[in-house]
Each structure stands twice: as structure tokens, then as C-alpha cells.
Amino acid sequence: EMEGFSAAENPEQHFKPVAYTGNSETTRTIDVGFPADLIWIKDRVHGNPHNLFDSVRGFGGASAGNNLQADSAGQQNQFGTYGYISSITPTEIEVTSGDTNASYVNKDGDDMIAWCWKACGSGANFMKDGVEDTSISSGATLQVDKMSVNTKAGFSIVQYQGDNGSVGGAVPHGLGKRPDFIFIKTMDVSGNWLVWSSAIEDCGYLHLDLSNMEAGDSSYWHSTGMNSQTVGVEKGVSNLSGSHIMYCWCSVPGYSAFGKYTGGNAGNFIYTGFKPAFVMFKKVNVEKESWVIADNARDPDNPTQKFL
């Protein structure tokens, strides 16, 4: 285990799923227990989309919302009219109704879930483990605008600029350890979410917003660039100019784990080394199989049967 990686000692200070019931308030606060940097909200009753907000892009106002949707290729700032994260405190998130209503974040009477991760806030452009640290941007060959890194929990948020598809390049992640799971999304124009996992082929990819099976394409990832300092992106990832957001996770013993398994009719036992609070999985060798998420806020007891 790397020095400084200690989220296993107090996991609920780094990640927490929070279940709540929507109400009619225009603005309300929801207790998380720490200053959340990535907040992923889903209405559990209606088919409203998955909504992602983060501190690096900033928490928005009514005209924007800075919302990206995990099941949509749309650019950000299209969805704030249906509610958004207006601010955070050291222990809470604040959700606010948009110009139309709050159906995406606080639909009156609906059961909601917010999956919340802690990075390192946005006090400066390059933040790591509670302090400003410009060295985390070392190794970049593409323009990096902001980084927020929590090495204790193996999680970082990076905002960088695409190069309009010239050659790709290296984007630093700040974790000090090779990532195991990566999401990348273009922000200024429409484009599918790209997903990489250390459990699939080096040049393999999935989409978060599609149900496609695992595919391989050397124009997406540069495998030698996937290391303890950077994520290697080829022109297929950086082919759009403008801002991109990247979320990176690496395994932390006793806190998080990533991997691949083969399904069986009798079920599987998959050792993680801890009791998970959040499980996300997808069948990768069959088309039209969606991502599935379970958590211990909606379903705290075994067997877990409430999936989104």
C-alpha cells in the first residue's frame, strides 16, 4: 500500500451514497458528512437521467447548472432548468430548482440517490490532499486547466483542453499510481462518455452512455501513457477542441477495488477485501447490456436487489 493512501480508515469521509426523498422546497440542503467534489444524482422512481456535477467545473446557476448526464452524449449546461447543485459546505450539498422545476435533483415525493466522492475542492487550480500543489500537472502534453486530487481515496478530477485531433497526448491524473478506472467527457460539444478500465485490454474502451460491448481501438488510448503520472489519450479521445473532464480512480486496499470476472449460473463470490458501499458493473462481451449500480444506502442488507 502506498504511503498516504488511508481512506480505508474512514471511508465515509471520502465516499458516501445518500438516499433522500424529494420535496417541494426551491432550495434544500442534504447532509453528506464531507465536502463532496463529485456528486452523481439519480431519481429512483421516474426515468429521469443520471446527473453529474463536480467542483472542478464549478457548481452552477439557474441558467446553466454545469450538469453532465451519464446517459447522454449532450454537452454540459443543457440541463440546469430541471435543477442543479448550487453550492456545497464542509458537510452538505445544496440542491436548487431550475427555471422549470427540480425534477432531476429533488423531484417532490420521489426517492432520490446521490453518490458523493471527495477529491480536494477547488481552492486553487491544482489541489492535492488539502493543499495547492502545482507539481501534480507535471507530464502534461495537453493543456491542463484544473486538477483536484485525493490520493488517500485514489480519486481525481481533471479538466483539460482537447487538441482538435492532431496527435493526442498525456494528461496528468495526480494519483501517484496507475489508474484503474477512467471516465472522460467532452464538455463544450456533444460526444459520448469514454470509459477505460485496467481490467480490459489496454486499448479497450466502453461508453458510459451506451450499452455497447467492450471494443478495442488504438486511436483512443495510448497504453504506454497509462502510468503513475499520466493518462495517455490518442487523437480519438482528444479529437474535439475545448474543455474535457476526466474522473480517475485507482484501487486503495480496504477501500476500493476494480476488476473483471466471468459470470456463472450459480452466482459468483468476488473478493474485494471490504464490504462495498457502491458496486458498478457491466457485461462487456454482449451488446445492449446496460451499466448497473447498487449501493448500501438504498439496500443496506444482503441480498442487495435494488439496482439502477
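Every heavy atom of this structure was used, including side-chain atoms; hydrogens, water molecules and symmetry mates were not.
For the pair W291 (side chain) and D209 (backbone), a donor-acceptor distance under 3.5 Å is absent. In this structure, the side chain of T89 engages the main chain of E92 through a donor-acceptor pair within 3.5 Å. Without hydrogens or angle criteria, K185 side chain to G191 main chain gives a donor-acceptor distance under 3.5 Å. Put simply, the side chain of T272 gets close to the backbone of F274: a donor and an acceptor are under 3.5 Å apart. Between the side chain of H244 and the main chain of G242, a donor-acceptor pair closer than 3.5 Å is present. Using modelled atom types, one side-chain atom of S148 and one backbone atom of C120 make a donor-acceptor pair closer than 3.5 Å. Looking only at distances, no side-chain donor or acceptor of K282 sits under 3.5 Å from a matching main-chain atom of L208. Side-chain atoms of R57 never come within 3.5 Å of backbone atoms of I245 as a donor-acceptor pair (strictly under, hydrogens ignored). Under the 3.5 Å distance criterion, the side-chain polar atoms of T81 are matched with a main-chain donor or acceptor of T100. Side-chain atoms of T141 come within 3.5 Å of backbone atoms of A170 as a donor-acceptor pair (strictly under, hydrogens ignored).
Under the 4.5 Å side-chain contact rule for hydrophobic residues, M127 and I39 do not share a cluster. Residues L210 and V195 do not share a hydrophobic cluster, defined by chaining ILVMFWY side chains whose heavy atoms lie under 4.5 Å apart. Hydrophobic clustering (side-chain heavy atoms under 4.5 Å, transitive across Ile, Leu, Val, Met, Phe, Trp, Tyr) keeps W221 apart from I200.
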Take F155 and K118 through the test side-chain contact (heavy atoms from CB on, under 4.5 Å) and record every step on the way to the result. CA-CA 8 Å; F155 173 59; K118 180 182 178 182; over 6 Å; no
Take Y247 and I184, measure what side-chain contact (heavy atoms from CB on, under 4.5 Å) needs, and give me the verdict at the end. CA-CA 7 Å; Y247 305 124; I184 293 181; over 6 Å; no
List the steps, then state whether side-chain contact (heavy atoms from CB on, under 4.5 Å) holds for M226 with V231. CA-CA 5 Å; M226 296 288 188; V231 172; 3.7 Å; yes
With side-chain hydrogen bond (donor to acceptor under 3.5 Å, both in side chains) as the test, would you mind laying out the steps for S122 and S55 before giving the verdict? CA-CA 6 Å; S122 56; S55 61; 4.9 Å; no
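Residues forming a side chain to side chain contact (heavy atoms under 4.5 Å, CB included) with D180 (at least two apart in sequence, or on another chain): S198, C250, S251, F258. Checked against side chain to side chain donor-acceptor pair (under 3.5 Å), D133 has the following partners two or more places apart in sequence or in another chain: S135. Scored by the ring-ring contact (aromatic ring centres under 6.0 Å, His included) test, H46 finds no partners at all (sequence neighbours excluded). Shown here are the side chain to side chain contact (heavy atoms under 4.5 Å, CB included) partners of A297, two or more places apart in sequence or in another chain: P17, A19, I113, D295. Shown here are the salt bridge (charged side-chain N to carboxylate O under 4.0 Å, His left out) partners of D37, two or more places apart in sequence or in another chain: there are none. Qualifying side chain to side chain donor-acceptor pair (under 3.5 Å) partners for N212, counting only residues two or more places apart in sequence or in other chains: none. Remark: W40 pairs with H50, W115 by the ring-ring contact (aromatic ring centres under 6.0 Å, His included) rule, at least two apart or across chains. With sequence neighbours left out, the salt bridge (charged side-chain N to carboxylate O under 4.0 Å, His left out) criterion links R28 to no other residue. Among residues two or more places apart in sequence or in another chain, the side chain to side chain contact (heavy atoms under 4.5 Å, CB included) test is passed with D145 by Q143, Q159, Q161, S243. Checked against side chain to side chain donor-acceptor pair (under 3.5 Å), N10 has the following partners two or more places apart in sequence or in another chain: H14. For the side chain to side chain donor-acceptor pair (under 3.5 Å) test, residues two or more places apart in sequence or in another chain that qualify with S87 are E94. Residues forming a side chain to side chain contact (heavy atoms under 4.5 Å, CB included) with Y261 (at least two apart in sequence, or on another chain): N268, I270, F281.
Nearest heavy-atom pair across T230 and S138 is CG2-O, 4.5 Å. Here the shortest heavy-atom pairing between V158 and P172 reads CG2-O, 3.5 Å. Across all non-hydrogen atoms, the minimal contact from I182 to M246 is CG2-CG, 3.9 Å. Summarising the geometry of V252 relative to A153, their closest heavy-atom pair is CG2-C, 3.7 Å, with the distance given to 0.1 Å. G174 and V149 make their closest contact through O-CG1, 3.3 Å (heavy atoms, listed as atom of the first residue, atom of the second, distance). Nearest heavy atom pair, residue F126 against residue S137, reads CE2-CB, 3.6 Å.
In this structure, N106 CG and D43 CG are separated by 10.0 Å, a value rounded to the nearest 0.5 Å. Atom-to-atom distance recorded for L175:CG and I136:CD1 is 9.5 Å, nearest 0.5 angstrom. The structure places CG of N192 at 12.0 Å from CG of L206, a figure rounded to the nearest 0.5 Å. Y255 OH to E9 CD: the interatomic distance, rounded to the nearest 0.5 Å, is 13.0 Å. I30 CD1 to I88 CD1: the interatomic distance, rounded to the nearest 0.5 Å, is 13.0 Å.
Contact check for V18 versus D31: no side-chain heavy atoms found under the 4.5 Å cut-off. The shortest distance between side-chain heavy atoms of I93 and T29 does not fall below 4.5 Å. The shortest side-chain heavy-atom distance between Y82 and N48 does not fall under the 4.5 Å cut-off. Inter-residue side-chain proximity for F53 and L68 is flagged as unmet; no heavy-atom pair is nearer than 4.5 Å. Side-chain atoms of V95 and I41, non-hydrogen and from C-beta on, do get closer than 4.5 Å to each other.
Within the 6.0 Å centre-distance limit, the rings of F183 and W249 are counted as a close aromatic pair. Aromatic rings of F15 and F278 (six-membered ring for Trp) have centroids within the 6.0 Å cut-off, being under it.
Other residues, nucleotides and ligands place no more than 12 heavy atoms under 6.0 Å from the NZ atom of K283.
Side-chain polar atoms of D111 and Y20 form no donor-acceptor pair below 3.5 angstrom. Counting only N and O atoms by type, the side chains of D129 and T151 include a donor and acceptor under 3.5 Å apart. No donor-acceptor contact under 3.5 angstrom links the side chains of S97 and T26, judged on distance only.
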